[in-house]
Amino acid sequence: MLILECPYCGVKAEETELQPGGEAHLKRFGPGSSPEDFEAYMFARKNPKGVHFERWRHAYGCGKWFLAARCTATLEVFGTYPAQSPEPPADLVNKIKAKRPEWKGWK
Amino acid sequence: MKRYSVFAIAREALRYHTGWERAWRSPDPKPAYDAIIIGAGGHGLATAYYLGKNHGITNVAILEKGWLGGGNSGRNTTIIRSNYLQDSSSAIFEKARSLYETMSQDLNYNVMFSPRGLLMLAQTHHEARGYKRTVHANRLQGVATEWISPQEVKKLVPIINIDGPRYPVLGAQYQARGGTARHDAVNWGYARACSDMGMDVIQNCEVTAIRSENGMVTGVETTRGAISCKKLGIVVAGHSGVLAEMAGFRLPIESMALQALVSEPIKPCIDVVVMANTVHGYISQSDKGELVIGGGTDGFNNYTQRGSFQHIEETLRALIETFPIISRVKMLRQWGGIVDMTGDRSPIISKTPLGNCFINCGWGTGGFKAIPGSGWAMAELVAKGEPGPLAAEFDMWRFKEGRFIDESVAAGVAH
Amino acid sequence: MSTRLSKGGRLIDRAHAIEISFNGKRLRGYRGDTLSAALLANDQMLVGRSFKYHRPRGIVASGAEEPNALVNLGAGARAEPNQRTTTTEAFDGLVAASQNHWPSLDYDIGAVNNLAARFLPAGFYYKTFIHPRPAWKHLFEPIIRRSAGLGKAPAEPDADRYEQVYAHCDLLVAGGGIAGLQAALIAGAAGARVMLLEQTAHWGGRAPVDGDVIDGKPAEEWITATLDALGKMENVTLKTRCMVAGVYDHGYVLAEERVADHTPGDGRPRKRLWRIRATRVLSATGALERPLAFAGNDIPGVMLASAVRDYVGNWAVSPGDRTVVVTNNDDAYRTAIALKEAGLEVPVIVDARAQANGALPQKARAMGIRVEAGRAIVKVKGGKRVTGVALGLMAGEGAVLEEIACDAVAMSGGWSPVVHLWSHCGGKLTWDRARAMFRPDAARPPLTQDGSALVIAAGAANGALTGAEALADAAEAGVAAVKSLDLKAKTTPIGKAEAVEEAMIEPVWMMPQGAKASLRMKMWLDFQNDVKVSDVQLAAREGYQSVEHTKRYTTLGMATDQGKLSNINGLAILADALNEDIPAVGTTTFRPPYTPVTIGALVGEARGEIFQPLRRTPMQGWHEAQGAYLEPVGLWRRPYCYPRAGETHEQAVNREILNTRANVGLLDASTLGKIIVRGPDAGRFLDMLYTNVMSSLPVGKCRYGLMCNEQGFLSDDGVVVRLAEDTWLCHTTSGGADRIHGWMEDWLQCEWWDWKVYTANVTEQYAQIAVAGPKARLVLEKLGGMDVSKETMPFMTFAEGELAGIPARVHRISFSGELSYEIAVPASHGLALWEKLVAAGAEFGVMPYGTEAMHIMRAEKGFIMIGDETDGTVIPQDLGLDWAISKKKADFLGKRGQERTYLASPDRWKLVGFETLDGSVIPDGAYVLDAGTNDYGFRKAQGRVTSTYHSPTLQKGIAMGLLRHGPQRMGEVVEFNTMAGGTVAARVVNPVFLDPNGEKQNG
Amino acid sequence: MAEPVSALGGAVFEGFATVREIGPLGMITLRAKPDVPGLEAAVRGAVGTGLPARRQMDWAKDRGCGWMSPDEYLLILPHAEVGRALAGIEAALKGQHFLAVDVSDARAVFRIEGEKADQVLRKLAPADLDAMAPGELRRSRIAQVAGAFWAGEGGYTLVVFRSVAGYVMGVLTHSAQPGSELA
């Protein structure tokens, strides 16, 4: 039963107040994109056993989507940040590197 | 191998059962095999079994990182059915169901396949139309299912509440030959049979790397040393993504926790398997008397075999509404299993970018019922290098083409 | 015999006698008794039958670990199976019955299994019942099933209420023994928000019975004083009868409070589920005593030494007059001493250790108790109760040296910390060789969301078994907890218990050491499931070597006590059989709940009327008053039809349709989703969302639109209204409002966050009513207030104004194919408008119509229905909706997906109409047969029906469906299959059956 | 014109706490970023308060403004004044990017009163009531539906969607049953 802090309203929301939204930082491929790119956008997922960047919506709260860095093996949460982020904030990435030296990075 | 029978038991009883031999050997890995199957769960063991039985390939190792049958095939709700909508699904699930019918005899191990009947309740008009569609599809597929009335449902399950008021039962899709089997027995029966064919079932042997040269797998690194092989089959359910990454390709898969629970054992009160998809619950009663109850899937990526509480809660709510008497029964144990979900929630039995590497995964919440059919189809793929009809539609390239095998119409929730 | 002692009993109130009934027998007890205490006080040694062999079973324990004493408690709507008598508080009028026997507890036919026990070893059923094949289903399994289970399933719905409650705390302390009290006191004093939960009705745990002396006084005084101090702290919550069931990730804790279990029917909720968020959890859950494995250790009268002590000390009940004590540690001597002090006989203490010279053995000897060191119980004599024991050498194979008559045996195999809460979330254990126990490994705790330790173990739960050790350990744990919460520990009194020097335990997993097979077959490990030493050894021999395999193969630890008594002994036997170290074998996984939790309690308030939210439109009450037949649509319940007296649903539906087509009908369309979209980029946004162009829609006009997901599959449809230059109103399907609003917000927040667009879901702000039929305009004109003429309000336009004095937005849109107005008014006026329409429409023959009439009328018009024509695999092109898919737009959601080969294939099934040749109705879900079979050997199909009805308007069966190359096959006759096995012939026709040129709707 | 009707017509339950459905209450959803020129003036004009801080509810007698999200406010005012207020906002924010809509009838409002009013909510909402700041507007879950609530005047005010008013009354009633006090 996860707790994630919504970066918008600051509420430490619990899982039942949230709606999961899958892998974060996916690039949308539209008309004209190659079959490979479109398939990757639709289906290929990192699904790592470890650090995962993912989307959550504070559905029973302010209604905003936000992003979280979470370990899928220990459920440790490294941080949350606004959905309007093309990539994870540098300080968060550094924090994770410090905690998980073996981590290969988010890309 | 000593055959199991009532006479064998009588004989052994006289010497205090000191004469029983091992159900399967526990050998050290050999340096090389014709084929390595990664994953000694039901699907992996069945794959190996049919490699030997159907294709005569017995120089096989089945590698298991923990104890055999310790994954989803040992922690599921044991439901067996084949009342699917799409032809490709019905084909493989019905093949599996029919193999379950004779499994105890084939393996000389009583897997307690119990075709006690399976009901899918229709509690909205929309759902009723959906199930009638499946029954019509099953007619064409030769899968024996029927549409039955609320009164017939009540006859099969006297403790059910068909009157609602919220979700009155409008009827049900009934598969009389659906049912359950003892999940551990399926794993153990296959392991024993594989071992008997001379295959090596190697437990506590985790694959740490997959070695390949110019597009072909040459072997695997394991916690018990390097082993080379001519062919590799990856059959590891929840960890498919991790293995695929070792092999250098990515899967349309996400791993999530699926919840289940059992009640304390009570005297028999529900003889068939009942699935109520509108209210998200399914239930059956084991031969031990426990109510075996399936919950929902957490919507987020998760590799811990622990789940959240709210899905258990949601399921039990629905079941009390449908079976009011269970309110005073107690939950004995709850657990989670890691299921791998594909883009269309249907499995993948497929060649991979590596020429001699094959993968069987993505069974999501419904893998147990498929075990023998899945093994049968995977064995054919590994043996011949090309899929037979059972596996043909389940290749991993269907997503690129948009060629979905979508069962969502037939089963709204975990099955 | 077991009986009530004349004095003592710290928990009973002799002033309040109660009467209970067991198997119809009336028994006397006292307030404060557990059901076990009351049964033993009345010499009820035999309380049940075991699962497999139906062996006689007596009470073994005094707490949650009890495997045998399970009863059917209560009757009728308050009947509950498998209630543990050891944790059931007795009350006047309590009714209980024993389980798993026929015809009676004393004479149980099932006991034949016991005679055959030798032929029914672990896993025997895997090895037999294999031939002949049908026999399993028809003969063997039915027999096994009939004997399955323990308690009877309740026959009636539950009469009790339950509820849940959420709580939040810094520190949750599980266990109200002296360790829990001490730790809570420290955390409370430091200002932490503390919850201290105790599963029994009493504080202090074992300390008072074990005779602990704290700060120079009897433990009871320290407990009372500490409780007073805690009670004065505002930041501390104390709860008894509250069992911590499970620890989940991120500090989530479930606890079950037995509010009114002991006062049934007093109106309070029977149980309350606590859903707690704790920053840290302190596990002070104590330890459980282990049985010893010797032949006949399952005979009624053989009990845990600590339990015997509890019954004497807490309830003044002696399990026997002559009790033999058997042990491998000093603690059990406390039992012998307690019995002696209570004036009972202890013929001998059998100590498996070579010597017994500790302080307690000395004291026992001094009291004149015979102590036999290096000895073992070879076997217990007796059937339904103990009659004696046979003794031999511990080191031997079972040769009997001496027989001693007795009526009870108190056994102690040492203690195991209760590590469940530590383990639920992944905490690891370490094997303490010296103390022969698994205890929490502080170096590998379960983690919380920030990666720090979630659980801290304290006292006996941490392996600190004696009172002195436990208090010291708890004090440390309490301080550690305070530190981990970034609080300052205040100086807090730490209880000091007198240390009693105890000699080391010697691990004994089987007695005697070299016992032969015949004895090992009588040594029980799991009393409820009948798992014996020989079964575990068999599992090992057969290669079920993983502890999980052994558990599953033998069912060891799978009973209702989940192995609380049997697991450690079992895996020690396994380790021995495998020549492995105990830690190498490891334990099975600990799963919630700690003890079984009532399903009703897990669900709380959510049952009956409030089991799920029910969404009601402003006119819902009116529909119900009219006796409408309602159908669930999402969480709504919409009128399916309004049957009149003597009408079937079908007749009602037909009447409603014919009346709407001839006169005028009213439909409650309030459930339709309504989403306002506004902003400079709103048009651009909607052009991405819909397959067709919305930016070009003129203000004041309506346009039908389709939405697809990124796969390209059709997901929703509805009419879009241009309210103003920068404002649109999007109608969605009834089920779709929240989903589509979320979909919009997802794209605006996560993909196009620089676009200037705001959305608002105003679905519930408006009641919406469709007034449809040739006389619709007359009705509206009668209401007055707006010009609804064809000229000022042509088809697919809307106007805002006042109808009958109610502010309204009137749309000229039609889903029925009739002249139709959809009127939206503020929900607070919905019922008023509806009633005005009913009144004004009376002279025009107005009638309400339901969803089924709506479905049929739209089918007569060939309009598609999301969920009928679509199922998540259908694209707009399949439905001949190409006209609604913009060719000139560079991009819209789903466009790329639809370009994929399989979706672009010319061979996809496409929408057509079907007319049966004989006028009958094509069955729901029927498929169009094709020649031949496919690769699977299945009969081929070339299409399927998606909507099929009897059209009262056309007096025949009409249908819509998908057919390969459908539109090119007009006039062709095809065959549908039926469930009965036959076929129905139908002609392929245009799906628009009625008014193809739309004169009616445009009129 | 007919009087507006609230969802439950003012239903009441007297348990260990009193549960009352109140309203109809005027409510406006105002979506705009706080830095929109004239926003503060528009809000002041409509309900007489300034822009509330994050998760705060500001009051001017019976009128209020609550922070719902970084770009959404909930204005509360007498039902009859909503039209005028909306017109005022439209005028004040002309040319700006914003959205203001009447949601008065999309909501049902409850008062939970009495010394133990908090216990009724504790049984239904996963939110930590003790951690709520004075004047905080908390959006959370009420059993199985969304709800927003704040404390004040000897109790709590709870706002939910109109269609589930009956359900919410049901769970509130269940939770306020005499004899089910938590302590």
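Letters go in sequence order (proteins before strands), and every chain restarts at 1. Please read all numbers here as calculations on a predicted model, not as lab measurements.
Heavy-atom distances place both the backbone and the side chain of A/Met1 under 4.5 Å from chain C. Residue A/Arg70 does not touch chain C at all, counting heavy-atom pairs closer than 4.5 Å. Heavy atoms of C/Glu899 lying under 4.5 Å from chain A belong exclusively to its side chain. When heavy atoms are compared at a cutoff of 4.5 Å, C/Glu751 approaches chain A solely by way of its side chain, counted from C-beta outward. There is no contact between C/Asp754 and chain A, counting heavy-atom distances below 4.5 Å. Both the backbone and the side chain of C/Asp891 have a heavy atom closer than 4.5 Å to some heavy atom of chain A. Of the atoms belonging to C/Gln711, heavy atoms from both backbone and side chain fall under 4.5 Å from chain A. A/Phe43 touches chain C through its side chain: at least one heavy atom from C-beta onward sits under 4.5 Å away, while N, CA, C and O do not.
Heavy-atom pairs under 4.5 Å with chain A were tallied for C/Arg277, C/Arg900, C/Gln449; the largest tally goes to C/Arg277. Note on A/Trp65, A/Tyr41, A/Phe29: by heavy-atom pairs under 4.5 Å with chain C, the leading option is A/Trp65. Of the listed residues A/Ala83, A/Ser33, A/Pro35, the one with more heavy-atom pairs under 4.5 angstrom with chain C than any other is A/Ser33. Most heavy-atom pairs under 4.5 Å with chain C: of the set A/Gln84, A/Lys99, A/Glu76, this distinction falls to A/Gln84.
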Ring pair (Phe, Tyr, Trp, His ring centres under 6.0 Å) assessment of C/Tyr594 paired with C/His420: CA-CA 7 Å; C/Tyr594 174 58; C/His420 295 65; 4.8 Å; yes

side-chain contact (heavy atoms from CB on, under 4.5 Å) for C/Leu706 and C/Leu881? Distances and angles first, verdict last. CA-CA 9 Å; C/Leu706 305 170; C/Leu881 295 169; 3.8 Å; yes

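Within the 4.5 Å cutoff, no side-chain heavy atoms of C/Trp274 are placed close to those of C/Leu197. A 4.5 Å side-chain heavy-atom check between C/Arg280 and C/Leu282 finds every atom pair outside the cut-off.
The residues C/Arg272 and C/Glu256 are annotated as not salt-bridged, no charged nitrogen and carboxylate oxygen being separated by less than 4.0 angstrom.
Cation-pi geometry between C/Arg678 and C/Tyr758 is not satisfied (NZ or CZ under 6.0 Å from the ring centre, within 45° of the ring normal).
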